[in-house]
Structures are given as C-alpha cells and as structure tokens.
Trainee: 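One structure follows; several queries about it will come next.
Just so you know, these numbers come straight off a predicted model, no measurement behind them. Residues: numbered from 1 along the sequence shown.
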Amino acid sequence: MYLLATTLFVHWLGSFRIEMTRYLAGAASVALLYWLIGRWIEHRRIQSRRATFADRRREFSLSVQTIAVFGIVDFIAFGMVTAGIIPFSHGPAVLPLLLAQLAAMILLHDAYFYWMHRALHLRALFLKAHAAHHRSRTPTSWAAYAFAPLEAVTESLYIPIMLIAVSWVAPLQPWAVFIFLGHQIARNALGHSGFELMPSGFTRHWLFGNLTTTVHHDLHHSEGRHNFGLYFVWWDRLMGTEHPEYHDRFEAVAKRRRAAADQAPQPA
C-alpha cells in the first residue's frame with residue numbers, strides 16, 4: 001500500500017510540475033512583458049483601479065490550489081492514454097489532421113466553457129464554486145487559474161472529455177494537444193491581464209470580431225452578468241448574454257492616446 005501511494009504521489013507530482021510550468025509560462029510571461037512595456041501601454045489599462053499585491057497573492061495561491069486539482073485529472077487522463085482508452089499517434093505529424101484536431105479542441109472547449117460558466121453563475125453553485133474567482137474585480141494574469149476546488153474540477157474535466165471525443169475520430173496528434181494547451185493558457189492569461197492592446201474597430205471586424213478581447217472578459221469580472229465566452233463571442237451573441245455596451249467600452253479603451261508628455265521626445 002505504501003509503495004502504491006508513493007508511486008501515485010510521484011506521478012501526481014510530475015503532473016503538478018507540468019501544469020505549474022504551463023501556468024507560469026502564461027501568467028508570469030504576460031505579467032513580466034506588461035511590466036517591461038508598462039510605460040507604453042498604460043493608456044490601455046482598462047480599469048482605473050489597480051490590483052494590489054494582496055490581490056495578486058490571492059490569485060496565485062488559488063491558482064496553485066487549482067493546479068493541484070489539475071494534476072489529479074491529468075494523472076487520470078495519462079492513465080487512460082497508457083491503457084489505450086485514448087489513442088495517440090506515434091508516427092510523423094499529419095498536418096491536415098493536426099489542424100483539424102486543434103480546431104476541434106478549441107471549438108469544443110469554447111462551447112464547454114460557455115455552458116459550464118453559465119451553470120456556475122446559478123445561485124446554487126456560485127458561492128460554492130465561482131465566487132472565489134470573482135473576488136478578482138480587477139483581474140491580473142495571475143488570476144488565470146484562480147478557482148475554488150469545485151470550479152477547478154469542472155474546468156479540468158474538459159481535458160479527458162476532449163481527448164476521448166477527438167480520439168474517437170482518429171488517434172490524437174501530440175502536437176495538436178501541445179499547441180491547444182499552450183493556446184489555452186496564453187488566451188486565459190491575456191484575458192485577465194487588465195490591458196487591451198487590440199486596435200480600434202477590432203470587435204466589429206468581420207473575422208477578428210468573433211474573438212474575445214481582454215475588455216470582453218474584464219467586463220465579466222467588473223460587472224458579472226454578461227460575457228461568459230472564452231475564445232469566441234458567438235455563444236454570448238446567440239444567447240443574448242453579451243454586454244450591451246461591449247463595443248463602446250472596447251472603443252473607449254482602444255481609442256485612448258498616450259499623454260503628450262509621454263509622446264514628446266526625451267532630451268539627449
């Protein structure tokens with residue numbers, strides 16, 4: 001029994017390390033980059049309120065707790081792969097299949113997240129599962145995984161569900177999974193970053209306007225009743241849950257200009 005427990009712990013620890021690395025690669029990279037270029041993007045800060053050190057510490061602590069849960073689910077998913085329940089391709093990457101699987105993973109995740117997110121806002125679940133995440137009224141990239149344990153479970157269950165669903169059609173392309181996981185944390189960290197860097201007109205563009213922006217998710221954190229989507233806005237628009245002032249709020253940030261003093265050339 002001791003040997004089994006030790007083996008399970010070692011495997012979980014490996015999953016925890018992978019998830020922690022992925023989280024830091026997304027959250028810390030965005031935080032560091034925005035700190036380095038802060039002078040040039042300050043006028044693109046969405047909210048006048050600034051997140052405090054206590055806010056960031058809480059977000060990081062909750063994220064570590066979430067990663068511990070993710071490690072358990074990842075370990076289960078790895079066991080399913082080892083058992084052959086989730087088949088992976090071991091040959092050279094097949095580009096058309098890789099792109100098709102990547103698109104399927106992103107589209108399925110977006111649909112899963114929207115409806116899961118809507119469910120977490122029901123009164124019966126909000127306080128137990130989702131209120132912890134909404135303590136970040138002015139979120140930062142560190143809030144990417146700042147969930148209560150129950151929400152962490154619902155968020156992470158998508159991974160084995162997705163792997164099983166996509167692998168039913170064809171064995172999974174490893175690079176498709178790798179790119180999906182990188183895309184997921186990058187979009188998550190940027191969506192919580194507090195700065196909007198997309199140009200004016202982005203939300204009304206015929207193609208790019210289907211993508212969520214930082215303003216889109218920031219409005220959800222500051223007001224809480226709209227904008228439940230993850231990668232795309234179409235579920236919010238189809239279900240009537242997009243913030244009625246989303247485009248105007250976006251433009252108010254996107255059209256800001258840097259202060260004249262910042263734009264003036266500095267003396268040699």
Side-chain angles (χ1 to χ4, degrees), residues 1-33 56-94 97-98 101-102 104-106 108-109 112-113 116 129 132-133 140-168 170-192 230:
M1 182 63 71
Y2 174 77
L3 181 60
L4 176 60
T6 301
T7 302
L8 291 175
F9 175 77
V10 169
H11 283 296
W12 168 83
L13 187 60
S15 296
F16 179 88
R17 288 172 177 168
I18 292 172
E19 287 292 348
M20 178 60 77
T21 300
R22 203 160 60 85
Y23 168 71
L24 292 176
S29 295
V30 170
L32 177 61
L33 174 63
R56 291 179 171 85
R57 182 176 59 189
R58 183 193 67 254
E59 291 170 347
F60 181 78
S61 296
L62 284 171
S63 293
V64 172
Q65 176 181 273
T66 292
I67 290 168
V69 175
F70 283 6
I72 297 172
V73 177
D74 287 355
F75 174 58
I76 294 172
F78 178 76
M80 297 172 74
V81 172
T82 303
I85 299 172
I86 302 174
F88 267 76
S89 173
H90 299 289
V94 180
L97 183 57
L98 187 157
Q101 290 185 345
L102 177 61
M105 293 174 191
I106 293 173
L108 288 171
H109 192 205
Y112 175 90
F113 181 88
M116 179 272 297
H133 188 64
T140 73
S141 62
W142 299 105
Y145 285 168
F147 309 136
L150 182 56
E151 179 171 5
V153 171
T154 62
E155 295 271 2
S156 61
L157 282 178
Y158 172 71
I159 296 299
I161 293 172
M162 170 198 74
L163 295 179
I164 292 171
V166 176
S167 66
W168 275 350
L172 290 165
Q173 297 283 303
W175 275 103
V177 178
F178 181 80
I179 295 171
F180 165 78
L181 293 174
H183 169 267
Q184 179 270 328
I185 187 58
R187 291 290 302 275
N188 207 343
L190 289 170
H192 290 92
L230 180 58

Trainee: Only one of T21, V64, I72, V69 forms a side-chain contact (heavy atoms from CB on, under 4.5 Å) with F16, so which one is it?
Mentor: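 Answer to the side-chain contact (heavy atoms from CB on, under 4.5 Å) test with F16 among T21, V64, I72, V69: V64.
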
Trainee: Side chains of Y23 and F70: closer than 4.5 Å at any heavy-atom pair?
Mentor: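 Side-chain contact under 4.5 Å: no.
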
Trainee: Quick check: closest heavy atoms across M80 and I164, and the distance to 0.1 Å?
Mentor: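 Closest approach of M80 to I164: CE-CD1, 3.1 Å.
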
Trainee: So do V153 and F147 actually touch side chain to side chain, heavy atoms under 4.5 Å?
Mentor: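 Of all side-chain heavy-atom pairs linking V153 with F147, none is under 4.5 Å.
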
Trainee: Is the H109 ring parallel, tilted or perpendicular to the Y158 ring (thresholds 30°, 60°)?
Mentor: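 Parallel: the ring planes of H109 and Y158 meet at under 30°.
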
Trainee: What is the minimum heavy-atom distance between A148 and A129, and which atoms define it?
Mentor: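 Looking at all heavy atoms of both residues, the shortest contact is CB-O, 3.5 Å.
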
Trainee: At their closest point, which heavy atom of S63 faces which heavy atom of A146, and how far apart are they?
Mentor: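 Smallest interatomic distance, heavy atoms only, reads OG-N, 3.3 Å.
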
Trainee: Evaluate the side-chain proximity of E155 to F113: yes if any heavy-atom separation is below 4.5 Å, no if none is.
Mentor: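 With C-beta onward as the side chain, the pair touches.
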
Trainee: To the nearest 0.5 angstrom, please state how far the CG atom of N188 sits from the NE2 atom of H183.
Mentor: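 The distance works out to 10.5 Å.
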
Trainee: Is there a side-chain contact between L172 and M105 in this structure, where contact means two heavy atoms from C-beta onward sitting under 4.5 Å apart?
Mentor: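 The answer is yes; the side chains approach within 4.5 Å.
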
Trainee: Minimum heavy-atom separation for P149 to Q65, with atom names?
Mentor: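 Nearest heavy atoms, P149 then Q65: CD-NE2, 3.3 Å.
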
Trainee: Using only atom types and a distance under 3.5 Å, with no angle test, would you say the side chain of E151 pairs donor to acceptor with the backbone of H133?
Mentor: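 It does not hold such a pair.
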
Trainee: Any chance you could measure L230, atom CG, to I106, atom CD1, to the nearest 0.5 Å?
Mentor: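 Those atoms lie 10.0 Å apart.
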
Trainee: For residues V73 and P160, report the shortest heavy-atom separation together with the two atoms involved.
Mentor: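 Residues V73 and P160, closest heavy atoms: CG1-CD, 3.7 Å.
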
Trainee: State whether R22 and E19 are salt-bridged, where the test is any N-O pair (Lys NZ or Arg NE/NH1/NH2 against Asp/Glu carboxylate O) under 4.0 Å.
Mentor: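 Salt bridge present between R22 and E19.
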
Trainee: Give, for atom CG of L62 and atom CZ of R57, the distance between the pair rounded to the nearest 0.5 Å.
Mentor: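 So the gap between those two atoms works out to 12.0 Å.
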
Trainee: Tell me whether E59 contacts the main-chain N or O of S141 through its side chain, where contact means a donor paired with an acceptor under 3.5 Å.
Mentor: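 Not a single qualifying donor-acceptor pair exists.
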
Trainee: Considering residues, nucleotides and ligands other than W175, do more than 12 of their heavy atoms fall under 6.0 Å from its CH2?
Mentor: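 Atom CH2 in W175 is not crowded, with 12 or fewer foreign heavy atoms closer than 6.0 Å.
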
Trainee: Under a 4.5 Å cut-off applied to non-hydrogen side-chain atoms, are M162 and Y112 in contact?
Mentor: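 Counting from C-beta outward, M162 and Y112 never come under 4.5 Å.
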
Trainee: Is any side-chain heavy atom of F78 closer than 4.5 Å to a side-chain heavy atom of S15?
Mentor: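 No; the side chains remain at least 4.5 Å from each other.
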
Trainee: Mind checking the CD1-CD1 spacing from I76 to I85? Nearest 0.5 Å is all I need.
Mentor: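 The CD1 atom of I85 is 11.5 Å from CD1 of I76, to the nearest 0.5 Å.
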
Trainee: Could you tell me the separation between the OG atom of S156 and the CG atom of D74, rounded to the nearest 0.5 Å?
Mentor: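 The distance works out to 7.5 Å.
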
Trainee: Backbone N or O of A68 within a donor-acceptor pair of the W12 side chain at under 3.5 Å?
Mentor: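 Answer holds: yes.
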
Trainee: V177 versus F88: any side-chain heavy-atom pair under 4.5 Å?
Mentor: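 Contact flag for V177/F88 side chains = yes.
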
Trainee: Please report the C-alpha distance between I159 and L181 in whole Å, then the side-chain angles of each, then the deciding distance to 0.1 Å, and finally whether the side-chain contact (heavy atoms from CB on, under 4.5 Å) criterion is met.
Mentor: CA-CA 10 Å; I159 296 299; L181 293 174; 4.0 Å; yes

Trainee: So which heavy atom on L98 is nearest to which on A176, and how close?
Mentor: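 Looks like O-CB, 3.7 Å.
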
Trainee: Do F60 and T140 come close enough that some side-chain heavy atom pair is under 4.5 Å?
Mentor: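 No - every pair of side-chain heavy atoms lies 4.5 Å or more apart.
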
Trainee: When rounded to the nearest 0.5 angstrom, what is the spacing between CG in L24 and CG in L32?
Mentor: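 Nearest 0.5 Å value for the CG-CG distance: 12.0 Å.
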
